[in-house]
Number of protein chains: 2
Amino acid sequence: MASRGVRHDSMRARNLAVVLATIHRSGPHTRAALAERTGLTKTTVSSLVADLLEAGAVTESGAVRGGERGRPGVAVSLSGHRVAALGLEVNIDYLAACVVDLTRTVRLRRTVPADNRSSDPALILAGLRDLVKQTTAEAEAEGLRVIGGALAVPGTVEDGVLRSAPHLGWRDVRVADLIDLPFAVDNEANLAALGELWFGSGEADFLYVSGEIGIGAGLVVGGTVFRGTFGLAGELGHVVVVPDGPGCRCGGRGCLEVYAGQDALLGELASVPELVDRLESGDREALETCERAGHALGVALTSAVHLLDPGRIVLGGIFAPLFPWLEGPVGGALGARLAQMRGTPPAVVVSRTGADAAVLGAAGLVIQQVIAEPAGMLGL
Amino acid sequence: MASRGVRHDSMRARNLAVVLATIHRSGPHTRAALAERTGLTKTTVSSLVADLLEAGAVTESGAVRGGERGRPGVAVSLSGHRVAALGLEVNIDYLAACVVDLTRTVRLRRTVPADNRSSDPALILAGLRDLVKQTTAEAEAEGLRVIGGALAVPGTVEDGVLRSAPHLGWRDVRVADLIDLPFAVDNEANLAALGELWFGSGEADFLYVSGEIGIGAGLVVGGTVFRGTFGLAGELGHVVVVPDGPGCRCGGRGCLEVYAGQDALLGELASVPELVDRLESGDREALETCERAGHALGVALTSAVHLLDPGRIVLGGIFAPLFPWLEGPVGGALGARLAQMRGTPPAVVVSRTGADAAVLGAAGLVIQQVIAEPAGMLGL
DNA sequence: GCTATTAGTCCATAATCTGTACATAATCCT
DNA sequence: AGGATTATGTACAGATTATGGACTAATAGC
């Protein structure tokens, strides 16, 4: 809705972004190649690249021979040595942080165990602030300049305010000013989806299903997260599987979470690894639980596919280690219900990023902002 | 993905769009007000407005007094007298066309009854082409210049090709080159949603539920349609309501369409008006059918709300005349299931646009393109 | 070593927006 | 009624940025 007019400086800002995004998307380019790709002249590209070099966003990385004759070009590539972003995560039983450079290489990762269930927000935020100080200092010791951060929380977020995080017992907590740098807060499932996008398969279209205590989902279309009207989209856990099924803590009945949430899957078991052990040893009850959960997940995903039209489906969180036992029932339910409407139903695959999809996604989000708006973020 | 560099002419093109969009969004403005709104200088705005005047996109509509002293400004408003767009629709039993001017005033509307069930695409397209010629001629007689068109079809569309329209019996029909003007093709539910946006309530965020023989839905977020990865999003009719319910023609079981599609609602009755008659006279069976359909719709919409996060829900198509009998069960099912997760569940309202939501939306889509890119569409 | 070829820079030119000055047209105040 | 005040819209010089052709640089092939 901004709709501000374009002036000379925004034209240049935009062109800086175009050049940087081209390098980001398709790897190192010579200035000549950039000129061709962007439609700008060599002169303009040279001038833009000079600015980006000075800001530390790119580096010249030696001559490039294309095998043809003529003067070799100088490859300009993203610089991993100057600009970095901070990713943060608060979860039920840990705080996590990571530092990622412009090339999306993870430079630092740190996890602090903590019992955040029904703990005081102020206390946890203080702990987080310590973690920020520590990691920032370490990053700076490596010569990196941290230019922004983002935080993943297991709850719903509106305008930098955490509206509600039932598993933490938080309500309306203001976390936007955690550090005095550009800072964003977002839902864990959304950021995990972005983590999968940038640190996982590299596909630009998928639905990331985040199995935790609750079940969330982040839809990525064309490399951006779909958030819905109020930023609450993707609540896969409360999609209705059986309209008159057992009650759910959300007040509804027969939600997916009742059948495939962590509590339902574990039953009386203590942890996911324990469940995996049972499954591997062929425990009948465990197998049946998983089969049931997988079927429910398949039914809910059928509805999700019809409504959201994802490119593929990526199972993450606790669903990742259980994938071998879920794949069959999920794929079966999906295939049977979708075969006729779509040639091939979306592929169901396992997440490549481990448990830290969300922290990584948070850091990646900041990097994306730098790529999209280098002039603003780097002070050009 | 374009990522072409910005040059002087694209800067101006963008600024023309910014000025035009401001007038479109917030009504007539003086040049001075436009300058303030857009952040451009008065000089620049004057020059841009001069171009828009010449292109026939805006008109000066007399002096404006704000009550204060000082020289009165001249209001610049959208011109409804020069530029127009063509909306088209193919449906089961009719062809429709309309002409809408830049102010989104409907200037012409024409419906031709036709039996298009399993009819030859070529034949119908020929009929459509006749309709286009006729309406275009009439519009031009009124001094309007038709600068583009769009077609609504009851099926799925990819890149200007109709992939599949089961109710027409069409598959892979190329309709993009129906006229030699900028031309778009899209799904009926999507365009009906846009029709509701521009010719209905004016709200910018809602889920339009299009009850026809099948049940489709178009999600509008921030004034744009969400289309999903392949443009297939919004297939509300095949959201699962009862996982082991009766089979559906899509190959699945217990889809919404089985409970609330036109066939399910009418049963042995011939038409919707007949059903409304029965309902008004208190017919027990009709009331129960409606109650059941409404409940199923409420369950499917619960899933849709969790996944899509719409601002409100607009019931259109055959659901509009049945709204008095659906409102209760739909709202009940939604409210009971959503109350706890969201303060207030999205409001369920009836569509304000009648049966021609889709044709109007098609024409409106073209108008939107003109507003978004006047330089390209008007040859500036 | 000479030529063809491609990369990158220099500089004059062109397009567009900015900012100040100014003409214009109302209201307000005496 | 007439001057002061205030706001709108235009004119013109100045600033910013991209363009285009000329020029220098570096390499391969002959």
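Residue numbers begin at 1 in each chain, while the letters A, B, ... track the order of the sequences.
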>> For the CG atom of A:Leu378 and the CG atom of A:Leu20, what is their distance to the nearest 0.5 Å?
In response: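 CG of A:Leu20 is found 8.0 Å from CG of A:Leu378.
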> Any ion pair linking B:Glu373 and B:Arg14 (charged N to carboxylate O, less than 4.0 Å)?
Replying inline: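 Between B:Glu373 and B:Arg14 there is no salt bridge, as every charged N stays at least 4.0 Å from the carboxylate O atoms.
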>> Applying side-chain hydrogen bond (donor to acceptor under 3.5 Å, both in side chains), can you list everything that pairs with A:Thr22, at least two apart in sequence or on another chain?
In response: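 For A:Thr22 there are no side-chain hydrogen bond (donor to acceptor under 3.5 Å, both in side chains) partners, ignoring immediate neighbours.
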> Taking B:Val366 as the fixed residue, which of B:Leu86, B:Val83, B:Ile147, B:Val146 is the one that meets the side chain to side chain contact (heavy atoms under 4.5 Å, CB included) rule?
Replying inline: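 For B:Val366, the side chain to side chain contact (heavy atoms under 4.5 Å, CB included) test succeeds with only one of B:Leu86, B:Val83, B:Ile147, B:Val146, which is B:Ile147.
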> Of the candidate nucleotides C:dT9, C:dC17, D:dA11, which contains the atom at the shortest distance from the side chain of B:Leu48?
Replying inline: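 Of all the options, the side chain of B:Leu48 is nearest to C:dC17.
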> So which nucleotide from D:dT19, C:dT9, D:dT8 ends up closest to the side chain of A:Leu40?
Replying inline: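 Taking heavy atoms from C-beta onward, the closest nucleotide is D:dT19.
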> When we call it a touch if two heavy atoms are under 4.0 Å apart, what does A:Val45 touch: a base, just sugar-phosphate, or nothing?
Replying inline: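 Since no nucleic acid heavy atom lies under 4.0 Å of A:Val45, the category is nothing.
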> Can you check whether A:Arg37's main-chain N or O pairs, donor with acceptor, with B:Arg4's side chain at less than 3.5 Å?
Replying inline: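 Present.
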>> Applying salt bridge (charged side-chain N to carboxylate O under 4.0 Å, His left out), can you list everything that pairs with B:Arg312, at least two apart in sequence or on another chain?
In response: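 Residues passing salt bridge (charged side-chain N to carboxylate O under 4.0 Å, His left out) with B:Arg312: B:Glu203.
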>> Any side-chain N or O of A:Thr41 below 4.0 angstrom from OP1/OP2 of D:dA18?
In response: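 No, A:Thr41 has no side-chain N/O under 4.0 Å of OP1/OP2 on D:dA18.
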> Can you list the residues that meet the ring-ring contact (aromatic ring centres under 6.0 Å, His included) rule with B:Phe206, with sequence neighbours excluded?
Replying inline: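 Partners of B:Phe206 by the ring-ring contact (aromatic ring centres under 6.0 Å, His included) criterion come out as none, since no residue qualifies.
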Taking only nitrogen or oxygen atoms into account, show me every contact under 3.5 Å that the protein makes with nucleotides 24-26 of chain C, one pair per line with its distance.
| residue | atom | partner | partner atom | Å |
| --- | --- | --- | --- | --- |
| C:dT24 | O2 | B:Arg71 | NH1 | 3.2 |
| C:dA25 | N3 | B:Arg71 | N | 3.4 |

Short N/O separations, protein against nucleotides 15-17 of chain D, under 3.5 angstrom:
| residue | atom | partner | partner atom | Å |
| --- | --- | --- | --- | --- |
| D:dT16 | O2 | A:His8 | NE2 | 3.1 |
| D:dT17 | O2 | B:His8 | NE2 | 2.9 |

> Pairs in or reaching into residues 136-146 of chain B: which pass side chain to side chain donor-acceptor pair (under 3.5 Å), with residues at least two apart or in two chains?
Replying inline: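 Only B:Arg107-B:Glu142, B:Arg110-B:Glu138 qualify under side chain to side chain donor-acceptor pair (under 3.5 Å).
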